[in-house]
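See structure below.
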Amino acid sequence: MNFWLFKSEPDVFSFADLKSRPHRREPWSGVRNYQARNFMRDSMLPGDLGLFYHSSCPQPGVAGILRIASEPKPDPSQFIPSDEYFDPKASPDRPIWQLVDVAWAADLPQFVSLENLRAAPALADMQILRRGNRLSITPVTPDEFHHICSLGGLSPKAIAALS
DNA sequence: GCCAACGTTGGC
DNA sequence: GCCAACGTTGGC
């Protein structure tokens, strides 16, 4: 199993929004960065777990836990001219951008703020904490994932039940 | 709103 | 294939 961090602006789509969707599930559309796409295409598997991170907001940080709920597939928004994520270089025959469905997996009893993340020595190497990091999807190590779940107030038992 | 950092674009 | 210019991201 692999572990991931998904960034989203909560004004646009928050962890609470995911939880309120039918089946608590949503296609993660709009990724337009090759590295992030390649993670989805090459390394992500249904059942993998992810941290739902709120960015560009008053309180950045990890708001909850999600699970990868589909194989990667073409992101339909790339084909729709009126869509803000339209890509004229893409066609249904030759899609460029992929998405995966994600589903709610668990609430965190406590929000894990960016400040909390920075204060944890065990998380010092996280990609999200590096200067200039702009990737909307990044891998995290199993240790980092478990550490953040623990900071979020999940018991070891609850964390184990996720995997 | 500022600004540093980064990815992408396009002229050559 | 280089690299300057540009747009975007995201914390503050």
Side-chain angles (χ1 to χ4, degrees), chain A residues 2-21 26-44 48-68 72-102 104-141 143-153:
Chain A
N2 297 310
F3 300 91
W4 308 95
L5 182 144
F6 284 67
K7 273 197 299 208
S8 181
E9 300 184 18
D11 289 353
V12 180
F13 188 71
S14 69
F15 186 66
D17 292 332
L18 173 62
K19 206 178 169 183
S20 71
R21 287 295 195 268
E26 181 79 357
W28 196 270
S29 65
V31 170
R32 292 296 181 271
N33 169 284
Y34 288 102
Q35 274 189 74
R37 179 202 68 180
N38 293 349
F39 286 136
M40 288 192 285
R41 192 187 59 187
D42 304 333
S43 309
M44 226 175 247
D48 282 357
L49 291 167
L51 305 162
F52 195 121
Y53 180 89
H54 287 173
S55 69
S56 294
C57 58
Q59 223 199 348
V62 177
I65 308 300
L66 61 77
R67 191 181 297 281
I68 309 306
K73 53 195 173 183
D75 181 344
S77 64
Q78 70 193 301
F79 309 129
I80 303 170
S82 61
D83 196 286
E84 63 171 314
Y85 293 116
F86 176 63
D87 186 337
K89 297 189 294 298
S91 67
D93 284 348
R94 291 188 160 226
I96 298 173
W97 305 109
Q98 306 275 117
L99 60 72
V100 295
D101 291 347
V102 302
W104 174 90
D107 289 329
L108 290 177
Q110 289 140 19
F111 182 85
V112 184
S113 68
L114 178 58
E115 194 183 1
N116 296 152
L117 297 176
R118 289 200 190 283
L123 304 177
D125 292 334
M126 282 190 74
Q127 252 173 279
I128 190 85
L129 300 181
R130 298 201 191 122
R131 280 161 56 83
N133 165 68
R134 291 170 53 183
L135 275 181
S136 60
I137 297 175
T138 50
V140 301
T141 69
D143 283 351
E144 288 164 348
F145 183 86
H146 289 107
H147 195 87
I148 290 168
C149 286
S150 166
L151 289 176

Collect all protein-nucleotide pairs involving nucleotides 3-5 of chain C in which both atoms are nitrogen or oxygen and the distance is under 3.5 Å.
none

Next on the checklist: From CG of A:N133 over to C1' of C:dG10, roughly how many Å is that when rounded to an integer?
Outcome noted: 9 Å
Checklist outcome for this item: Taking B:dG7, C:dG10, C:dC12 as options, the one with an atom nearest any side-chain atom of A:K7 is C:dG10
Checklist entry - Can you tell which of C:dG10, C:dC12, B:dG7 lies closest to the side chain of A:E9? => result C:dG10
Checklist outcome for this item: Closest to the side chain of A:N33, out of C:dC12, B:dT8, B:dT9, is B:dT8
Item to check | side-chain N/O A:K89 vs B:dT9 OP1/OP2, d < 4.0 Å | outcome: yes
Item to check | For atom CZ of A:R37 and atom P of B:dG7, their distance in whole Å | outcome: 15 Å
Next on the checklist: Measure CZ/A:R32 against C1'/C:dT8 and give the value in whole Å, please.
Outcome noted: 15 Å
Checklist entry - For A:W97 and A:Y34, what are the C-alpha separation, side-chain angles and deciding distance, and is it a ring-ring contact (aromatic ring centres under 6.0 Å, His included)? => result CA-CA 8 Å; A:W97 305 109; A:Y34 288 102; 4.7 Å; yes
Item to check | Test of ring centre spacing under 6.0 Å for A:W4 and A:F52 | outcome: no
Checklist entry - Can you tell which of B:dG7, C:dG10, B:dT8 lies closest to the side chain of A:Y34? => result B:dT8
Checklist entry - Taking atom types as modelled and ignoring hydrogens, do the side chains of A:R130 and A:N133 form a donor-acceptor contact shorter than 3.5 angstrom? => result no
Item to check | Integer-rounded Å distance: C:dT9 C1' and A:I137 CD1 | outcome: 15 Å
Next on the checklist: Without decimals, in angstroms, what is the distance between A:E84 CD and C:dT8 P?
Outcome noted: 11 Å
Item to check | Atom of A:S14, atom of A:D17 and distance for their closest heavy-atom approach | outcome: N-OD2, 2.8 Å
Checklist entry - What integer distance in Å separates A:L135:CG from C:dG10:P? => result 9 Å
Item to check | Short N-O contact, A:D75 and A:R32, less than 4.0 angstrom | outcome: yes
Checklist entry - Tell me: CG of A:L117 to P of C:dG10, nearest whole Å? => result 15 Å
Checklist entry - If you look only at pairs with a residue in residues 114-128 of chain A, which of them pass as a side chain to side chain donor-acceptor pair (under 3.5 Å), with sequence neighbours excluded? => result A:S113-A:N116
Checklist entry - C:dT9 P sits how many Å from A:Q35 CD, rounded? => result 15 Å
Checklist entry - Does any non-hydrogen side-chain atom of A:V31 lie less than 4.5 Å from one of A:L99? => result no
